[in-house]
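Just so it is clear, the values below take in all heavy atoms, side chains as well, and ignore hydrogens, waters and symmetry mates. To find a chain, count down the sequence lines: A is the first, B the second, and so on, and within it residues start at 1.
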Amino acid sequence: MSAFGYGGGWGGGGGRGFGDGSANIEEISAKVRDWYLLSRLLKLLLPYWFCVLFSLFCSLASTLLQIVNPLILSVAIDVYFMKHAPRSAFLAGILPHNSAKGIALLSLLYGIVLTLTLLIDSTQNFLAQWTGQMAMAELRRRLLRHLHRLPISFYDVTPAGRLVTRLTTDIEALNDLFANGVVALLADAITALFFLVALFWVEWHLAIVVAAVIPVFLLLIKFFRGLITRSQQKVRILIARINAFIAEHANGIYVVHLFNRQQPSLQTFDIINHEHMNASKQWVTANAWFMPSIGLLNTISQAGILITGTILLQAGLLSIGILVAFLQYGSKFLRPIQDISDRYSVLQTSIVSAEKVFALLDTEIPQEMEQHSNAKPRGADIAFHNVWFAYKPERWVLNDVSFHIRDGEMLAIVGHTGAGKTTMSNLLLRFYKPQRGTIRIGGADIWEMPPSELRRQFGVVLQDTYVREGTILDNIRFGSETVTDEDALRAAQIIGLDTLLASLPDGLETWVQERGDNLSTGQKQLIAFARALAHNPKFLLLDEATSSIDVETEARIRGAMSRLLENRTTVVIAHRLSTVLQADRILVMHKGRVAETGGHEELLARRGLYWRLFQIQFGHQLNPEEKSPVRQGAGDDLHVAPSQVPGNGYALQSAQ
Amino acid sequence: MIISCTHYYRTVPMIDSQPFVQDECAVSLRERYAFVWKYLKVHPKSLFVGIASLIALNGVAPAIPLLIRSGINTLTSGRSHILASIAWIGLALVGVAFLRSAFQTLSRLNVVGMSRHVEYAMRKDFLTHLFRLDASFWGRTRTGDVMALATNDLNAVRMMLGPGLISFFESMVQLPVAIVVLGYSNWRLTLAALLPAPIAVVLMVTFGKIIRRRFGLIQAQFSTMSAAVQQTIAGARVVRSFVCEEAEQHRFETMNRSYVRSNCILGVYSSTFDPLLTYVTGLSVLIVFWYGGALTLAHKLTVGNFVMFTTYMALLAQPISSLGRVVNMMQRGMASLARLQLLFREAPAIEPGVWLNPGTPSDEPDLQGARGLSLRQVSVFFGSHAALKSVDLEIPPGATVAVLGETGSGKSTLVKLITRVIDPSHGTVSLDGIDCRDLPLTAIRSQVGVVPQETFLFSLTLAENIALGVENTTEDEIRHAASIAGLDPDLAALPAGFETIVGERGIMLSGGQKQRVAIARAVLKNPRILILDDALSSVDSVTEERILRHLKDIMAERTTILVTHRVATAMQADTIVVLKQGQIVERGTHDALVKQNGRYARLARLQALEEELEVL
């Protein structure tokens, strides 16, 4: 059953522990998974294959320049300082006899090589960043699109903060994977190989000496790399824990104070903090031995080149210039090899984010939630036929509910907390699928209509009116293509928003802050009304807010509502006296069943459920001047308890 | 990051308080040095050995190009039996390199190791200080600001003390030595070769600034994007109702694009940064090549010297860029140091007392049984707004008092007075006849158990969250407390029962479940005074009734304050007070108040009707 797809109230996909899973089998499967994730990331780069190829080409070119650079110097030494005939063909054709001219020419060449290196390296760096940014943008795009398709029930069990983190922070962490990822590894490997081949081409004797260092170097890497990667990962995990600890204790500081938790918390913190220091000192220690060892190795190799070079020189197999060039090659040659090992450890840490992002992207969308044929409503009536629904198995929120609303009729639904009122609007909009029964609008089963077609028929005003950053007009238009700015303006005028906001300097262009913090509840409601009106729907679905508003706004809302209702089939989940009085018919829900239906007077006369509800919910509204604790208390009680309706679950959760 | 600070303290409007703004200039340089010295002086050995080896390291380093010069000079001398001397030079090279590496290791171990110690100590002091600060600070501070200090600023200070110090000596020792060594060979060439150095330094500093500024812009854009995504996700229902998925996607795309654009602009700077630096230092080699080449041709410079100059110039790229790096790191580090110091200067309005020094004996009056509470002529002003006006309330030991009132009537302020989160502006709050202001905070809070309306759960196991207020506890005790709080049915649904991680990084609990955890927490703490601050607002009335039934025994032996809006809850109290605009307007037993036929009576009537509904 689709409605249970994401687990009951306790939420799916709980937090993952740190550093668990060290068994061998898991490690192997982790490696398989890593390559799988990397290949998926690579696919994101496919549209930019040309840039990727070009950047690989750049790294080749850059390597070539690195080899040419010392050679220019060697030619200067051999030809002009030592006055030898050039041993190699390098530049032989263009060298002038005049020494001063020759040095000037070689300097110029050197300058050109230098400038080319600058251009090529910058281009390559930029391309890597650019392709990475493009791929991340695409990933964000896809993820948001996916989020728009995931069923509402998914949102009910997943903290909004977690989703935001996936789409923002986690994708951002992939930058490392793109910058240091497979492409960069490939480039390094090419560079190292090309460098070695080129060295053998220039002078194979000395190249052997240079290459002799490689095994020692690899041993050094093998010895230190594990140490460095492990301590580095430990540092990252621990610093994340430290920051989470501080953030959490800052947010819950009053609990810390009220429960005298300072000392125990500090002790716990000291353990993590100490562990972090130790781990980072391990890291520092490993680096403090590793880097100088490489330096030592470099110099040993230089000494080897010097001695071997002297022997070769005396045997007449070598010129001084080439010897000097090789003295400079030594250190550069090791660079790409070291980069490969550096990148590999970065890769291992940031692959975790990729896993999380892809896991969300792979969350399945139950087929039936999007399934539809092309049924079209004829007319504007609504019918529930024996509808049964439960959020959790066997806990029926709606019990065999049937009713019919005629074309153009206004139906008010009233009922106590947990009666199932909000659930009815959830079902009507196809947010959830009833386990039994059918719902039809204009004779068509809503599950046979495309969801977007269905929803376009409705103008919806939810209980906690939703506004977001932007101008008031933006909030009315809400980005719909079907609504022009003129429509929005007209809707605002009809609802009476323009006169209400006349006092504000920017009127309808007033900037609404996040969550509408600068607007009153009444103003937000009127915006929601205008939004519904601007979309010119066939049906209206209103879930009235329970919070109290002042008399003047109340009158405005009443006026706006009657204009909104004209010629529309309307369902109102009513919390206001004026609304029930306005309704053509009242449906009294109780514990998931339809308890009573009829007109206001008729129901009152029955002295049944409605009569009691009326006194609790609407009685005090007969005398609006009186604002007593009664109103407050009763009003509070009517809020739907979050534990009962999953829809309230998406309270602001902080992004980690 | 959308982390708001603790709402419990947020609701306290602070008197004469400024928001937590940081003006770095308020801390003089001398004070900053004194502050950092406090942390450095604890590690005299590391400091001495580290700096000594840094000086030695950079002093030894120039020997390598010198040795290479003598090697080349020997080779070009035209003598025939040079292999032995070259071998000696090779050996010397290895020896020097060995020394250099040893000093390098020694300096890293000591200097960077020390910076990690300082980081540890500073972070420890940081959290300790955060714990010391009270509502007067937390009521006006966003968690995001605190976190920026804990992460960015602490990091900047560590970078200044570790890599910063290393870079400082690298350039401060190597550059002068290079100038002397090279200048001794040929001072004209030296001057010429060092011409691009200032450009490199200026480049480092400017690029550093631009990149930092750009990065700041991107961070801001990132949080705007996060906020927009947050709004889209929070409004998922509305978005779908109005079939605006495409429009939302489009809106996001605009932001997504401009974010990418900013990143690419930053990319232009960051991807040219390193190559440009290499280029500028490469210019030095070019100058040596061209000018030094001419000098060599004119026999004013030996080939060995020529090679030494080119090798040395390549080696100098490091200390030259270090100079720029030092400037950047110092700028950031000193600014961060000031910001951290400003936080350390914040002082709580109410001093927390003994927990800071666990060794000192507490002067807690050792009383058994319930505690009596009394409020005499208590008023609380927030600025000109009076939250409570001349409230008199006597609560004998063991009594239960219910407090009813609208939002803003002063209920929460009353609770905060009793837990001494705030002090009264006038009048006294006393515990067993002792003015609360004379009692240490820990003493008061160990007596009082509060169940707030909204609970904060730490990312710990459920059991640890329940046992938050107590030191040693058994599983049975936790189980018992949980069952009193009505958590049993929830436990069965949790994947790992008591061992399930909850909170932000764990499983999401509903509002009602959180409240029950809070009740279990307070029950396990076994306080003398129990305060339920609208603690059952998110549980349904059946569960509420069950919990209250369980709590009855516990409430009987304790002084209890029930802040509520449900008559069924209030009925259990010995005395009921109704607050309105900071004053007690009705007071008495349930029966008396019903007879009085005022606000309470009306509420009682309506809620009786509701109860009837439940049974229908």
- Message: Under 4.5 Å from any heavy atom of chain B, what part of A/Leu147 do you find: side chain, backbone, both or neither?
- Response: both
- Message: When you compare the side chain of A/Leu313 with that of A/Ile320, does any pair of heavy atoms fall below 4.5 Å?
- Response: yes
- Donor-acceptor pair between B/Asp134 and A/Tyr254 side chains, under 3.5 angstrom: no
- With a 4.5 angstrom heavy-atom cut-off, could you sort out which part of A/His274 is near chain B: side chain, backbone, both or neither? both
- A/Asn273 versus B/Arg123, side-chain donor and acceptor atoms under 3.5 Å: yes
- Proximity breakdown for A/Ile300 and chain B, heavy-atom pairs closer than 4.5 Å: both
- Please determine, among B/Phe98, B/Phe273, B/Phe306, B/Phe103, the option with the most heavy-atom pairs under 4.5 Å with chain A. B/Phe306
- Query: Which atoms of A/Leu119 come close to chain B, meaning under 4.5 Å heavy atom to heavy atom: side chain ones, backbone ones, both, or neither?
  - Reply: neither
- Message: If we define contacts as heavy-atom pairs under 4.5 Å, which of A/Tyr80, A/Phe458, A/Trp289, A/Trp130 has the most with chain B?
- Response: A/Trp289
- Message: Counting only non-hydrogen atoms closer than 4.5 Å, does A/Phe431 touch chain B with its backbone (N, CA, C, O), its side chain (CB onward), both, or neither?
- Response: side chain
- Please name all residues satisfying side chain to side chain donor-acceptor pair (under 3.5 Å) with A/Asp121, sequence neighbours left out, ordered by chain then number. A/Ser62
- Task: Select, from B/Glu246, B/Arg116, B/Met225, B/Arg108, the one with the greatest count of heavy-atom pairs under 4.5 Å involving chain A.
- Result: B/Arg116
